[in-house]
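All heavy atoms count here, side chains included; hydrogens, waters and symmetry mates do not.
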Amino acid sequence: MKHADGDDERHLAVRDAVRSVPAGAVATYGDIGKMVGIGPRQAGRLVGMNADRAPWWRVVYADGSPATCHSGTAPSLLQAEGVGFDGARVDMRAHRYANRVEDGTDDRVESDAHRQGRSATSAR
């Protein structure tokens, strides 16, 4: 379904998924795809289409390599947000957002999940 601004729902869902990754963390194209229900290549294309409306530099390849678009500015943008690197790749164990969600170290996500769980329980 198209919205008034011309974006379809997948486009908006990818934008929102990228926006949900906090400063100091990264997600892979596959992580974004999982959040939205599409493949990593589709996610990559849609992340690129949202570059002016979402922090595109927080989305990296599965091996931790940052995007090379935008004149290669992703590494410096990530470093400015406190993301650590192992050589030219992001330290995925320390900074992958999916890891924070799974192990409960991201308080914001944990409380959102709690609220969603409560909503789902109260709706039953």
If you compare all heavy atoms of [X] against all heavy atoms of [Y], which two are closest, and at what distance to 0.1 Å?
{"X": "A27", "Y": "I32", "value": "CB-CD1, 4.0 Å"}
{"X": "V14", "Y": "A43", "value": "CG1-O, 4.3 Å"}
{"X": "A67", "Y": "Y61", "value": "CA-CE1, 4.3 Å"}
{"X": "Y97", "Y": "S20", "value": "OH-O, 3.4 Å"}
{"X": "A17", "Y": "V36", "value": "CB-CG2, 4.0 Å"}
{"X": "W56", "Y": "A74", "value": "CZ3-CB, 3.7 Å"}

[X] side, atom [atom1]; [Y] side, atom [atom2] - distance, nearest 0.5 Å:
{"X": "M35", "Y": "D16", "atom1": "CE", "atom2": "CG", "result": "9.5 Å"}
{"X": "I38", "Y": "L46", "atom1": "CD1", "atom2": "CG", "result": "5.0 Å"}
{"X": "R19", "Y": "R53", "atom1": "CZ", "atom2": "CZ", "result": "8.0 Å"}
{"X": "M49", "Y": "D8", "atom1": "CE", "atom2": "CG", "result": "7.5 Å"}
{"X": "R58", "Y": "E81", "atom1": "CZ", "atom2": "CD", "result": "4.0 Å"}
{"X": "H11", "Y": "R45", "atom1": "NE2", "atom2": "CZ", "result": "9.5 Å"}

Centre-to-centre under 6.0 Å for W57 and H70, is that the case here?
no

By side-chain contact (heavy atoms from CB on, under 4.5 Å), which residues pair with F85, not counting sequence neighbours?
P66, P75, L78, Q79, V83, V90

Decide side chain to side chain contact (heavy atoms under 4.5 Å, CB included) for V21 and V59; before the verdict, give the C-alpha distance in whole Å, the side-chain angles of both, and the deciding distance to 0.1 Å.
CA-CA 9 Å; V21 179; V59 185; 5.7 Å; no

